[in-house]
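Predicted model, so just to flag it, every value in this text is computed and none were measured. A, B, ... follow the sequence lines: proteins, then strands. Residue 1 opens every chain.
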There are 2 protein chains.
Amino acid sequence: MDRLDRKILSVLQQDARASLQDIGAAVGLSPSPCWARIRKMEEAGVIEGYTVRLNPLALGLADTVLVMVTLDSHSDNTLEKFGEVLASIPEVVEAHLVSGEYDYLLRVVVKDTRDYERLLRERLYKIKGIRHSQSSFVLRTLKKADLPLGV
Amino acid sequence: MDRLDRKILSVLQQDARASLQDIGAAVGLSPSPCWARIRKMEEAGVIEGYTVRLNPLALGLADTVLVMVTLDSHSDNTLEKFGEVLASIPEVVEAHLVSGEYDYLLRVVVKDTRDYERLLRERLYKIKGIRHSQSSFVLRTLKKADLPLGV
DNA sequence: CCTGAAATTCGGGGGGC
DNA sequence: GCCCCCCGAATTTCAGG
C-alpha cells in the first residue's frame, strides 16, 4: 500500500469501469503493473468488490430516514435478535451500533412517507425490546464523497 | 424501468464487474439487450456511475464518527457557508440536512480517535455558527445492504 | 425488443529489461 | 518491479426476425 496504490484506488472510487490504460495514464504506470496492484489489493481484502452508484429518486425511492434506536436490555440475546430482524428488512440499508445517547442508528430508504409509516408500524414497532426510537428525515444531502485516501 | 431492469441493477449492485453474459444468464436475456438496458439507465441517470467497495480498516481508517450538528442561525448565508466548509474537509464523507432535534448529520471517517480529536479542534470547532455538536462513534456495523429494488 | 454474429477493444498473463 | 507483446474474452455494433 504505497502512494501509487492509493492513487489507483482513488481513480477506481470515481470510476470503477476505467480501463487499465486510463488508470495507468492517471497514475503514471503502464496497464500491467496497475492490474497486478489491483489484483493484490483484491486478494488482500482492501478492495471488497465493485458496485454501481444508483440514483434512489430515479428508482422511486424518495425518502431516506435516519432512525435512532434505544434498546431496553443490552443482553447479548437482545442484541443478536435485533440484528437478525434488521437483516430481514430490505428497506434498512445500514445499521450501526453506536456510542452516545442512543444505541443504534439505522438508515432506512423508502418510496415515500406513507411507506415509512407502514414500515414503522408493521415492522419496527413490532420488535420486542425497543425502548425508544426517533426518526429523522434527510431533507437534503450536501455532500457524498469517497473515502479520504490522501492522494 | 421494468422488472428486468431492476433485476439487472440488483446484479450490478452486488458485482458491477459481472460480464454481460453473466448478467444475461441471471435475468434470462442475451448480452445485447442487457447492454442496451444498462446504457439506457446510464443515460437516464438511474445509474450514476460505478465505484469500488473499499475496506476502510485495511486502509488504516479505523473510526467512523456520526456528528450531529445544530446551527445558531438558519439564514441562507450560514447554511451555504457551512456546506462550503464541509466540502473542503475530505474526512467528512457525508453531510445531510435533516429534520428533528438537530440540523445536520455528518459521517466522518478518520484513522483513529487522535485524528478525530484533531479534526474536531482544528476544523469543526473553527466553523462559525455551530451552536452545538455531538459525536457518536460507530462501534459495530450490523448491516450494510444495497438499495431495496424489490426483485 | 430480442437474437445472433462480426468487429473492435480490453483484460489477463507470459518473458525480457 | 516495470514495460512490451500476445492471446483469449469481453464489449459494442449491426444485421435480421
Rounded to the Å, how far apart are [X] [atom1] and [N] [atom2]?
X	N	atom1	atom2	result
B/Met41	C/dC1	CE	P	13 Å
B/Lys40	D/dT13	NZ	P	14 Å
A/Ile38	C/dG11	CD1	C1'	10 Å
A/Ile8	D/dC2	CD1	C1'	12 Å
A/Leu20	D/dA10	CG	P	15 Å
A/Ile23	C/dC10	CD1	P	12 Å
B/Leu29	D/dT11	CG	C1'	17 Å
A/Arg17	D/dT11	CZ	C1'	9 Å

*Return yes if the base of C/dG12 and the side-chain atoms of A/Ser32 contain a donor-acceptor N/O pair under 3.5 Å, otherwise no.*
no
*By nearest nucleotide on DNA chain D, pick out whichever of B/Arg39 and A/Gly28 is the more 5' one.*
A/Gly28
Counting only side-chain N and O atoms of [X], is one of them less than 4.0 Å from OP1 or OP2 of [N]?
X	N	result
A/Trp35	C/dG12	yes
A/Arg37	D/dG1	no
B/Gln21	D/dA10	yes

*Taking the side chain of A/Leu4 as its heavy atoms from C-beta onward, which of D/dC2, C/dG11, D/dT12 lies nearest to it?*
D/dC2
*asked:* Measuring from the side chain of A/Pro33 (C-beta onward, heavy atoms only), which nucleotide among C/dT3, D/dA10, D/dC2 has the closest atom?
replied: D/dC2
*Taking atom CD of B/Glu101 as the centre, does the number of heavy atoms from other residues, nucleotides or ligands within less than 6.0 Å exceed 12?*
no
*Got a sec: does the CZ of B/Arg53 have more than 12 other heavy atoms crowding it under 6.0 Å?*
yes
*Consider only side-chain N and O atoms of A/Tyr102 and A/Ser133, and report whether a donor and an acceptor are under 3.5 Å apart.*
no
_salt_bridge(B/Arg121, B/Glu117) N-O dist < 4.0 Å_ = yes
_If hydrophobic clusters are built by linking Ile, Leu, Val, Met, Phe, Trp and Tyr wherever their side-chain heavy atoms come under 4.5 Å apart, do A/Tyr50 and B/Leu149 end up in the same one?_
no
